[in-house]
A.B. asks: 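One structure, as structure tokens, below. Some questions next.
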Amino acid sequence: MKLVSAYLLAVLGGKTSPSAEDINAILGSVGVDGDADQIKYLLSQVEGKDITELIAAGREKLASVPSGGGVAVATGGGAAAAAPAAAEAKKEEKVEEKEESDEEDYSMSLFDD
């Protein structure tokens with residue numbers, strides 16, 4: 001991740017095609033040593049490609065990754081696991097409504113005999 005970040009920083013700095021030296025200079029400025037093999041691999045993967053197209057392709061791939069609410073599905077319960085949660089939410093709503101209506105019905109004063 002640090003290599004990709006350094007590459008993107010170099011692009012933001014005006015380099016259309018950053019070199020290994022550019023990446024090492026950025027990493028070195030924060031006291032990090034870059035692995036030459038990993039830098040070489042990164043550069044081979046992005047060589048001749050437009051960074052905005054790479055980012056757009058990455059966003060499309062991330063959009064297909066499920067996020068949030070996956071616990072019920074991961075347990076194998078599926079809809080059956082979601083049903084108790086929905087029923088519990090309905091119970092909470094009923095309790096809240098009852099509490100609100102109780103507050104509105106008070107017509108006596110603490111100082112009445």
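We're numbering straight along the sequence, starting at 1. No hydrogens, no waters, no symmetry mates; every other heavy atom, side chains included, goes into these values.
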A.B. asks: State which residues pass side chain to side chain contact (heavy atoms under 4.5 Å, CB included) with Lys49; sequence neighbours excluded, sorted by chain then number.
C.D. replies: Leu54
A.B. asks: Give, for atom OG of Ser19 and atom OH of Tyr7, the distance between the pair rounded to the nearest 0.5 Å.
C.D. replies: 10.0 Å
A.B. asks: Give the other cluster members for Tyr41, using side-chain heavy-atom distances under 4.5 Å between Ile, Leu, Val, Met, Phe, Trp and Tyr residues; answer none if it is isolated.
C.D. replies: none
A.B. asks: Is there a side-chain contact between Ile39 and Asn24, using heavy atoms and a 4.5 Å cut-off?
C.D. replies: yes
A.B. asks: Once you round to the nearest 0.5 Å, how far does CD1 of Ile55 lie from CZ of Arg59?
C.D. replies: 7.0 Å
A.B. asks: Enumerate the residue pairs fulfilling salt bridge (charged side-chain N to carboxylate O under 4.0 Å, His left out) with a member in residues 5-25, sequence neighbours excluded, ordered by first and then second residue.
C.D. replies: Lys15-Asp22
A.B. asks: Consider only side-chain heavy atoms of I, L, V, M, F, W and Y, link residues closer than 4.5 Å, and tell whether Val46 and Leu8 are in one cluster.
C.D. replies: yes
A.B. asks: Would you say that Asp35 contacts Leu3 through its side chain, given a criterion of any heavy-atom pair below 4.5 Å between the two side chains?
C.D. replies: no
A.B. asks: Could you check whether atom CD of Gln45 has more than 12 heavy atoms from other residues, nucleotides or ligands sitting under 6.0 Å from it?
C.D. replies: yes
A.B. asks: Tell me whether Leu27 is reachable from Val11 by hopping between hydrophobic residues (I, L, V, M, F, W, Y) whose side-chain heavy atoms are closer than 4.5 Å.
C.D. replies: yes
A.B. asks: Atom OG in Ser5, atom CD1 in Ile23: separation rounded to 0.5 Å?
C.D. replies: 10.5 Å
A.B. asks: For residues Leu42 and Val4, determine if any side-chain heavy atom of one lies less than 4.5 Å from a side-chain heavy atom of the other.
C.D. replies: yes
